[in-house]
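Scope of the values below: all heavy atoms of this structure, side chains included, with no hydrogens, waters or symmetry mates. Both counts, for ligands and for their atoms, begin at 1 and track the order of listing. Quick note: residue numbers are just sequence positions, from 1. In this text the structure is predicted, and so the values were computed from the model without any measurement.
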Amino acid sequence: MSTEKPILLTGAAGTLGRWLRPRLIDRFGSLLSSDIVDGGETHANETFVRCDLADGGAVDHLVAGCRAIIHFGGISNEKPFMQIMNANILGTYNVFEAARRHGVRRIVFASSNHAIGFHTTDTKLDALSPVRPDTFYGVSKVFGENLASLYVDKHGFDVACLRIGSALPEPKVIRALSTWLSYPDLHQMIVACLTAPRLGLAIVYGASANTRGWWDNGMVAHVGFNPQQNAEAYASDIMPTGVDDRDPRDPATRFQGGPFCSDGYDNPHDPDWPPR
Ligand code: NAI
Ligand code: 15L
């Protein structure tokens, strides 16, 4: 029996966590799963620990038992700032700081496309593109990426920040023809991040090989993520007439973050919105 410590997955009771758990156990032999809520039935070779990421002592205890971290826990959409601060900002700090204390040097962090959501949809981005968060949620992901940069430079961590697009079984809306990340591609991306010899600070766009994609992973080829699916296979279902009938002036259409950008949008300097 292996004496190696397991990989820790936070957010294990969430949508992506539940799909990933059995597959990560298959690939890595065991898993330490955690969430603030109950995670349902545990699998063979899995331990589940309930833990609030905002509780530094509890996170320290959790991280002591692992060798690498897939940090997917936190609030996954826009919420009032104090909620985001506790779960995502303080929570991510607690994870990195516990990792430093316990000598855990590899973290795969679920960032989000909402870290760069206010880039327009005619802009191609790569790992060096400036951040343009579209929500407090997006700001919390930028915080996580900056924290990762600090721990890479100061403490020699290897961290992948996954700017995940829309991880779904299938794309259902026009925007997702650009942002879709299939579940098998998500899995392959995480495995690549956990097995690459070195990551440094790797800003990885989490999208399938979509014909209409906006994001270029050329600068992080060393990670070895090679997506296989393409949302274009669903284009005729999503747009039967082949015409994009969305309002081109709507911030949800113009910006990469889609509805996260239009939510609460009232920029008086924008000549296109509100429509005249
Ligand atoms: P989800 O909302 O289904 O899962 C997140 C999990 O984190 C939940 O089970 C929740 O209980 C847990 N959580 C929330 N606050 C917590 C706290 N204080 N302490 C411990 N656990 C806490 O989200 P999903 O879709 O599974 O996404 C996983 C990660 O990937 C999230 O970090 C999300 O921001 C990120 N992401 C997901 C995308 C997607 O398309 N599903 C796109 C971009 C990023
Ligand atoms: C995210 O960051 C969210 O967690 C997810 O629920 C989706 O809204 C996704 O982005 C997206 O942009 O489609």
Report the relative orientation of the aromatic rings in [X] and [Y]; use parallel for angles under 30°, tilted for 30 to 60°, perpendicular for over 60°.
{"X": "His114", "Y": "Tyr137", "answer": "tilted"}
{"X": "Trp19", "Y": "His187", "answer": "perpendicular"}
{"X": "Phe157", "Y": "Phe96", "answer": "parallel"}
{"X": "Phe118", "Y": "Tyr265", "answer": "tilted"}

- Query: Does a donor on one side chain sit under 3.5 Å from an acceptor on the other, for Thr253 and Asp250?
  - Reply: no
Check your understanding: Can Thr211 and Asn230 be counted as having a side-chain donor-acceptor contact under 3.5 angstrom?
Key -> yes
Check whether Ile7 and Leu9 end up in the same hydrophobic cluster, where Ile, Leu, Val, Met, Phe, Trp and Tyr are linked by side-chain heavy atoms less than 4.5 Å apart.
yes
Cluster check Phe255, Phe260: I/L/V/M/F/W/Y, side chain < 4.5 angstrom
no
Test: Arg254 and Asp270 ion pair at under 4.0 Å = yes
May I have a table of the N/O to N/O pairs between ligand 2 and the protein that fall below 3.5 Å, each row giving the two atom names and the distance to 0.1 Å?
{"from": "ligand 2", "atom 1": "2 (O)", "to": "Ser112", "atom 2": "OG", "distance (Å)": "2.8"}
{"from": "ligand 2", "atom 1": "2 (O)", "to": "Tyr137", "atom 2": "OH", "distance (Å)": "2.6"}
{"from": "ligand 2", "atom 1": "4 (O)", "to": "Ser76", "atom 2": "O", "distance (Å)": "2.6"}
{"from": "ligand 2", "atom 1": "4 (O)", "to": "Tyr137", "atom 2": "OH", "distance (Å)": "3.2"}
{"from": "ligand 2", "atom 1": "10 (O)", "to": "His114", "atom 2": "NE2", "distance (Å)": "3.1"}
{"from": "ligand 2", "atom 1": "12 (O)", "to": "Asn113", "atom 2": "ND2", "distance (Å)": "3.0"}
{"from": "ligand 2", "atom 1": "12 (O)", "to": "His114", "atom 2": "NE2", "distance (Å)": "2.7"}
{"from": "ligand 2", "atom 1": "12 (O)", "to": "Arg175", "atom 2": "NH1", "distance (Å)": "3.2"}
{"from": "ligand 2", "atom 1": "12 (O)", "to": "Arg175", "atom 2": "NH2", "distance (Å)": "3.0"}
{"from": "ligand 2", "atom 1": "13 (O)", "to": "Ser166", "atom 2": "OG", "distance (Å)": "2.6"}
{"from": "ligand 2", "atom 1": "13 (O)", "to": "Arg175", "atom 2": "NH1", "distance (Å)": "3.1"}

What does the contact table look like for ligand 1 (nitrogen or oxygen on each side, cut-off under 3.5 Å)?
{"from": "ligand 1", "atom 1": "2 (O)", "to": "Ser76", "atom 2": "OG", "distance (Å)": "2.7"}
{"from": "ligand 1", "atom 1": "3 (O)", "to": "Thr15", "atom 2": "N", "distance (Å)": "2.9"}
{"from": "ligand 1", "atom 1": "3 (O)", "to": "Thr15", "atom 2": "OG1", "distance (Å)": "3.2"}
{"from": "ligand 1", "atom 1": "7 (O)", "to": "Gly74", "atom 2": "N", "distance (Å)": "3.1"}
{"from": "ligand 1", "atom 1": "7 (O)", "to": "Gly74", "atom 2": "O", "distance (Å)": "3.2"}
{"from": "ligand 1", "atom 1": "9 (O)", "to": "Gly14", "atom 2": "N", "distance (Å)": "3.1"}
{"from": "ligand 1", "atom 1": "9 (O)", "to": "Asp35", "atom 2": "OD1", "distance (Å)": "3.3"}
{"from": "ligand 1", "atom 1": "9 (O)", "to": "Asp35", "atom 2": "OD2", "distance (Å)": "2.6"}
{"from": "ligand 1", "atom 1": "11 (O)", "to": "Asp35", "atom 2": "OD1", "distance (Å)": "2.6"}
{"from": "ligand 1", "atom 1": "13 (N)", "to": "Gly74", "atom 2": "N", "distance (Å)": "3.4"}
{"from": "ligand 1", "atom 1": "18 (N)", "to": "Asp52", "atom 2": "OD1", "distance (Å)": "2.9"}
{"from": "ligand 1", "atom 1": "19 (N)", "to": "Leu53", "atom 2": "N", "distance (Å)": "2.9"}
{"from": "ligand 1", "atom 1": "21 (N)", "to": "Ile36", "atom 2": "N", "distance (Å)": "3.3"}
{"from": "ligand 1", "atom 1": "23 (O)", "to": "Ser76", "atom 2": "OG", "distance (Å)": "3.4"}
{"from": "ligand 1", "atom 1": "26 (O)", "to": "Thr15", "atom 2": "N", "distance (Å)": "3.3"}
{"from": "ligand 1", "atom 1": "26 (O)", "to": "Leu16", "atom 2": "N", "distance (Å)": "2.9"}
{"from": "ligand 1", "atom 1": "32 (O)", "to": "Phe72", "atom 2": "O", "distance (Å)": "3.0"}
{"from": "ligand 1", "atom 1": "32 (O)", "to": "Lys141", "atom 2": "NZ", "distance (Å)": "3.0"}
{"from": "ligand 1", "atom 1": "34 (O)", "to": "Tyr137", "atom 2": "OH", "distance (Å)": "2.5"}
{"from": "ligand 1", "atom 1": "34 (O)", "to": "Lys141", "atom 2": "NZ", "distance (Å)": "3.1"}
{"from": "ligand 1", "atom 1": "40 (O)", "to": "Ala167", "atom 2": "N", "distance (Å)": "2.8"}

